[in-house]
2 protein chains.
Amino acid sequence: MESFYATRTDEMLRAHGLSRTQGRIALLKLLASQKAPVSSAFLLRKLGTSWDETTLYRALNTFVTYGILAQFDFGHGHAHYEIAHDKPHHHHAVCESCGHIEDIPAHDSPQLTASALKAARGFKRFTRHSLEFYGLCTKCT
Amino acid sequence: MESFYATRTDEMLRAHGLSRTQGRIALLKLLASQKAPVSSAFLLRKLGTSWDETTLYRALNTFVTYGILAQFDFGHGHAHYEIAHDKPHHHHAVCESCGHIEDIPAHDSPQLTASALKAARGFKRFTRHSLEFYGLCTKCT
DNA sequence: GTAATATTTGCAAGTAACTTGCGTTTATTA
DNA sequence: TAATAAACGCAAGTTACTTGCAAATATTAC
Ligand SMILES: [Mn+2]
Ligand SMILES: [Mn+2]
Ligand SMILES: [Zn+2]
Ligand SMILES: [Zn+2]
């Protein structure tokens with residue numbers, strides 16, 4: 001019987017008609033096991049030296065395009081990625097000293113977007129938003 | 001009598017003991033006249049060809065370090081900058097088609113940060129947050 | 001105002017994070 | 001199982017930004 005991650009990752013690829021290669025499946029499994037967004041350098045380290053950097057970037061970009069992954073920028077000079085497929089909307093906390101990142105379940109009231117929309121003259125609706133909190137984590141305080 | 005921008009920009013530099021060079025003053029005046037964050041390419045274009053790219057980046061970095069400027073990333077592959085000195089906290093709306101950026105006066109309740117902090121296990125306080133709304137502007141709809 | 005000192009600037013070279021081209025391999029479809 | 005389409009791996013390229021260092025400019029001390 002297949003593992004939880006195996007079936008889920010398989011489904012992510014199948015849902016968009018993407019080839020289910022060994023590499024892509026391993027990458028999605030690794031991403032699915034993370035608690036917060038990770039960098040391409042982290043992924044490359046975990047996947048092992050056999051992995052090619054270009055292939056990784058190409059897979060990540062494809063997955064972002066199809067909405068399987070979400071991509072974030074926390075001002076570290078490189079992107080972070082996390083599974084978006086079937087994951088509820090949420091925000092992030094980022095430590096400005098050690099770079100530690102934590103998921104925060106979304107506590108948005110619909111008012112948050114509504115009142116922003118009222119204030120934004122040139123916009124009639126928003127499709128998404130991103131909210132990041134910065135500070136020092138307990139280890140770095 | 002000096003203009004509004006001239007005295008304000010002068011004060012920004014003076015407050016941090018930074019040299020008030022012609023270039024820096026021109027840069028801050030230009031930034032002070034913008035309604036939303038702008039890219040380094042935009043600044044370079046507006047300042048004219050006489051300006052050196054390295055000097056611009058160095059000035060921008062210095063100003064960000066001292067809190068005179070705030071730096072943002074909207075996923076365009078380059079940073080955006082705006083005056084932070086004496087400017088109240090606010091958020092941004094970004095058009096995913098044309099890149100148009102708009103300031104949104106902050107409508108945060110203190111609860112926004114409070115409830116995020118409660119949910120973030122590894123953090124005792126946040127020093128700042130950034131909230132961006134993405135969608136299509138009225139021109140692009 | 002002028003000289004001494006500290007800061008900033010401009011140019012050339014360098015770096016990090018990606019991207020592109022193209023021939024080979026692997027997966028999907030018939 | 002063969003034909004077709006997609007993904008991979010390597011080398012080379014691009015972009016946004018950084019660093020080193022000598023020359024120019026600004027600040028401070030007299
Ligand atoms: Mn997350
Ligand atoms: Mn702004
Ligand atoms: Zn930390
Ligand atoms: Zn637009």
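The sequence lines fix the lettering, A, B, ..., with proteins before strands; numbering per chain opens at 1. Keep in mind that this is a model prediction, so the values were computed, not measured.
In this structure, the side chains of B/Thr138 and A/Phe123 stay at 4.5 Å or more apart for every pair of heavy atoms. Put simply, the side chain of B/His76 reaches to within 4.5 Å of the side chain of B/Val94, judged on heavy atoms. Between B/Gln71 and B/Leu60 there is no side-chain heavy-atom pair separated by less than 4.5 Å.
Phosphate proximity of D/dC8 to A/Thr54: absent, as no side-chain N or O sits under 4.0 Å from OP1 or OP2. Contact annotation: B/Tyr57 side-chain N/O to D/dC17 OP1/OP2 distance is under 4.0 Å.
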Please list every donor-acceptor pair under 3.5 Å in which a side-chain atom of residues 20-28 of chain A meets a protein atom from a residue at least two apart or in another chain.
residue, atom, partner, partner atom, Å
A/Arg20, NE, A/Asp10, OD2, 3.4
A/Thr21, OG1, A/Arg24, N, 3.2
A/Arg24, NE, A/Ser19, O, 3.2

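Taking a heavy-atom distance under 4.0 Å as the criterion, the stretch of DNA chain C touched by chain A extends 5' to 3' from C/dA17 to C/dT28.
Following rounding to the nearest Å, A/His76 (NE2) and D/dT18 (C1') show an atom-to-atom distance of 19 Å. For the pair A/Arg24 CZ and D/dA5 C1', the computed distance is 12 Å after rounding to whole Å.
Using a 4.0 Å heavy-atom cutoff across all strands shown, A/Ala59 reaches no nucleic acid atom at all. If you check every strand for non-hydrogen atoms under 4.0 Å, A/Ala79 touches sugar and phosphate atoms only.
Listed by chain and number, the residues in a salt bridge (charged side-chain N to carboxylate O under 4.0 Å, His left out) with A/Arg125 amount to none (sequence neighbours excluded). Scored by the salt bridge (charged side-chain N to carboxylate O under 4.0 Å, His left out) test, A/Glu96 finds B/Arg128 as partners (sequence neighbours excluded).
The backbone N or O of A/Arg14 lies less than 3.5 Å from no partner atom in the side chain of A/His16, so there is not a single donor-acceptor pair.
In this model, a donor atom of one side chain and an acceptor atom of the other lie less than 3.5 Å apart for B/His92 and B/Asp103. A donor-acceptor contact under 3.5 angstrom links the side chains of B/Glu132 and B/Ser130, judged on distance only.
Mapping B/His78 and A/Gly23 onto DNA chain D via the closest heavy atom, the residue that lands nearer the 5' end is A/Gly23.
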Tabulate protein N/O versus nucleotide N/O from nucleotides 22-30 of chain D, keeping only pairs under 3.5 Å, one per line.
residue, atom, partner, partner atom, Å
D/dT27, OP1, B/Arg20, N, 2.9

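Contacts of residues 60-70 of chain A with DNA chain C (heavy atom under 4.0 Å): A/Asn61.
At a threshold of 4.0 Å, the pair B/Glu82-B/Lys87 counts as salt-bridged, since one of the basic side-chain nitrogens sits closer than that to a carboxylate oxygen.
Atom CD1 of A/Ile104 is separated from atom NE2 of A/His91 by 8.0 Å, given to the nearest 0.5 angstrom.
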